[in-house]
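Reading through the structure tokens given below for one structure.
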Amino acid sequence: MKRIAALFAETRRDGQAVFVPFLAAGDPDVPTATSIAKNVIETCESKGVPVLLEIGFPYSDPIADGATIQAAYTRALNRDLHIDDVLETISTLRASTEAPIVGMVSYSLVHRNGGTTFLSRIQQAGGDGAIIPDLPVEEAEEVWRFGKENDFAIVQLIAPTTPLERAKRILEHASGFVYVLSVAGITGERAQLPEDLAQRIETLRSHTDLPICIGFGISSPDQVAHVGGIADGVIVGSAIVRQVANVAPGDAEGVTSVAGFVSELVAPLAST
Amino acid sequence: MAVETSLSHVPDASGRFGPYGGRYVPETLMHALDQLERAYAEAREDEEFQRTFAYYLQSYAGRPNPLYFAERFTEHFGGARVFFKREDLNHTGAHKINNTLGQALLTKRMGKPRIIAETGAGQHGVASATAAALFGLECDVYMGSEDIRRQKLNVFKMRQLGARVVSVESGSCTLRDAINDAMRDWMASVETTHYIIGSVMGPHPFPLIVRDFQAVIGKEARQQCLDQNGRLPDVVVACVGGGSNAAGIFAPFVDDERVELVGVEAGGSGSSMGEHASTLSEGTPGVLHGSYSYVLADSDGQTSPVHSISAGLDYPGVGPEHSFWKDAGRASYVRAGDAEALEAFQLCSRLEGIIPALETSHALAQAGKIAAERSADEIVVVNFSGRGDKDCFEVARLLGESIDDESEH
């Protein structure tokens, strides 16, 4: 959590936006996925783009995710990926980077693996927080308490369908940063982002000091530039995962090409 | 005493049946679920809505259907008297229509022009498409590509009824993936669309809504048993996949302490993971498709593959109220395997002249066993949840006969 707070304090001071790439652990296999993550982080940092990594725990029934991410999860699970492999990936990455890392993990997995005990395992591996996309505020009390007591970020989501009163309740308990969904629906690329996005962010800012990151549907450098102008962070998932889909296990060229794609995507966020 | 009362006063305000149920869904759906909860709470108290629902159940679906004394089936087992609650006689041939008529009326009431549904074998899909046609709603049905291939007749029926059948190509390409995709559609379309979930599962208030609409089965059966026999049954038996026909017949008997409630899960071809769909017998509590209930999952929490001869029972989860009844000891859950179901399918057809659905055949297999162990003055009621026309191709294949035109040319 300290890493998250420090990163956003710095970028806010410098008027920069953080790039938040999402990668599915174990896709196409554990070593290659780890190598992709390292390369993506290094690419961002070498261009002077602050980066926070969101790493997805593959789950068999991810109702919050679109087809691209589910396909990545299926690829990883078909190679017999286990929860321990994901934790291992996080510790391997932690050994080589100080970039904040948050796990994106379904409550189905959190529950089966011991609830808050599982969150502490993510933390021990070097994770700074967790996004549990299918755990709404009504069910989240135990998880929040763990987050507060252990300085572990519990990132909450706010959707376009979330009424303001409900958003306020969510913001009271959010920590780390707030994940604002640009559009209703699921993860995946969209040709256009809604016009009222900036207005929504402004409204939310009047109710929280937490950094606000925007995700869902962002896939082009132009969209990254646009969202980077109104939010503290830009989350890109499916567009990157789609690139990873072309990478075979151990394919060094493929790893480089994903990093190349990210390099173009983050160009508008580079410090000049 | 407090415990007895609470057994039939569930779910609580947060959608919990004891510890089970709740809402584990993305934030995008929370507002819609709140809206649905309010709309249903109003409809539940609205006499006009209830009258309209009762009207369609009667004049369109053909209710009340009989509680039929299965004399030759009874003689065959030589014990307790067995009665069939004839849900197979409903329009579309199964209990599913009770729920889709209710939810389609609720959709109209909420002013939404479109419904979506998931389907495995196609029964809920056909019942949804039927209700959509009846009330002039647009209808998309999500169905796994694997199931589309196996259930051509129902796919054809849905299209004739004006529905669009959306092929689901993700994950295992079966029912649970169809549910995932229906939920995804709903997240993006919630302003104009109602999701008619097909069983007593999913996030609150779905398990409540579906149970209430299906409870007409148990209310009728209870009254019919009193009228015909002057007393309540000793045992009520129903098959359990997601659990809607069982919840529908069990719920009105929950307060009748002396009536045993027996749910029959798909025992499939064996006890190893992947060979069956016995969620309550073999599973553990976990979260799947938006609610907390028993699930079949591996030690990491990944949903297990399931198998049953019956596509309608082939599901790795179960409605939260069944988990609650199981833990409270109010209902017991047992398994019947593929072979037992197939045998019951043939037996019932020959003894009673009624071809049962393969789902129903699981309940019949267990009902036969129970009847054989009991005395002639006891009464066993089986929820005869559906007719077997849809299963004839599959059963013929299993018996080594071919009735599929295509395969003969």
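Sequence lines set the chain letters: A, B, ... in the order given, protein chains first and strands last, and positions in each chain run from 1.
For the residue pair Pro136(A) and Tyr24(B), the shortest heavy atom distance occurs at CD-CA, 4.2 Å. Across every non-hydrogen atom of Leu157(A) and Glu27(B), the tightest pair is O-CG, 3.6 Å. Closest non-hydrogen pair, Ser299(B) versus Arg112(A), comes out as O-CG, 3.6 Å.
Here the side chains of Ile63(A) and Pro26(B) are in contact, with some heavy-atom distance below 4.5 Å. Put simply, the side chain of Gln302(B) reaches to within 4.5 Å of the side chain of Leu109(A), judged on heavy atoms. Between Arg166(A) and Met30(B), some side-chain heavy-atom pair lies under the 4.5 Å cut-off. Under the 4.5 Å side-chain criterion, counting only non-hydrogen atoms from C-beta, His204(B) is not in contact with Glu138(A).
No more than 12 heavy-atom neighbours from other residues, nucleotides or ligands sit within 6.0 angstrom of CG on Asp209(A). Within 6.0 Å of CD in Glu88(A) there are 12 or fewer heavy atoms belonging to other residues, nucleotides or ligands.
Neither the backbone nor the side chain of Ile132(A) comes within contact range of chain B, judged by heavy atoms closer than 4.5 Å. Neither the backbone nor the side chain of Ser189(B) has a heavy atom closer than 4.5 Å to any heavy atom of chain A. Looking at Glu191(B), only its side chain comes within 4.5 Å of chain A, counting heavy atoms on both sides. Heavy atoms of His82(A) lying under 4.5 Å from chain B belong to its backbone as well as its side chain. Proximity to chain A involves both the backbone and the side chain of Ala297(B), based on heavy atoms less than 4.5 angstrom apart. Residue contact with chain B, scored on non-hydrogen atoms closer than 4.5 Å, involves the backbone and the side chain of Ile83(A) alike.
Without hydrogens or angle criteria, Arg184(B) side chain to Asp65(A) main chain gives a donor-acceptor distance under 3.5 Å. With hydrogens and angles disregarded, no donor-acceptor distance shorter than 3.5 Å links the side chain of Thr303(B) to the backbone of Ser60(A). The backbone N or O of Asp300(B) sits less than 3.5 Å from a side-chain atom of Asn113(A), completing a donor-acceptor pair.
Test Val295(B), Ile179(B), Val287(B), Leu288(B) against Asp61(A) for side-chain contact (heavy atoms from CB on, under 4.5 Å) and you get one pass: Leu288(B).
When the candidates Ser108(A), Ser106(A), Pro160(A) are compared by the number of heavy-atom contacts under 4.5 Å with chain B, Ser108(A) comes out ahead.
When ring centroids are compared, His111(A) and Tyr292(B) come within the 6.0 Å threshold.
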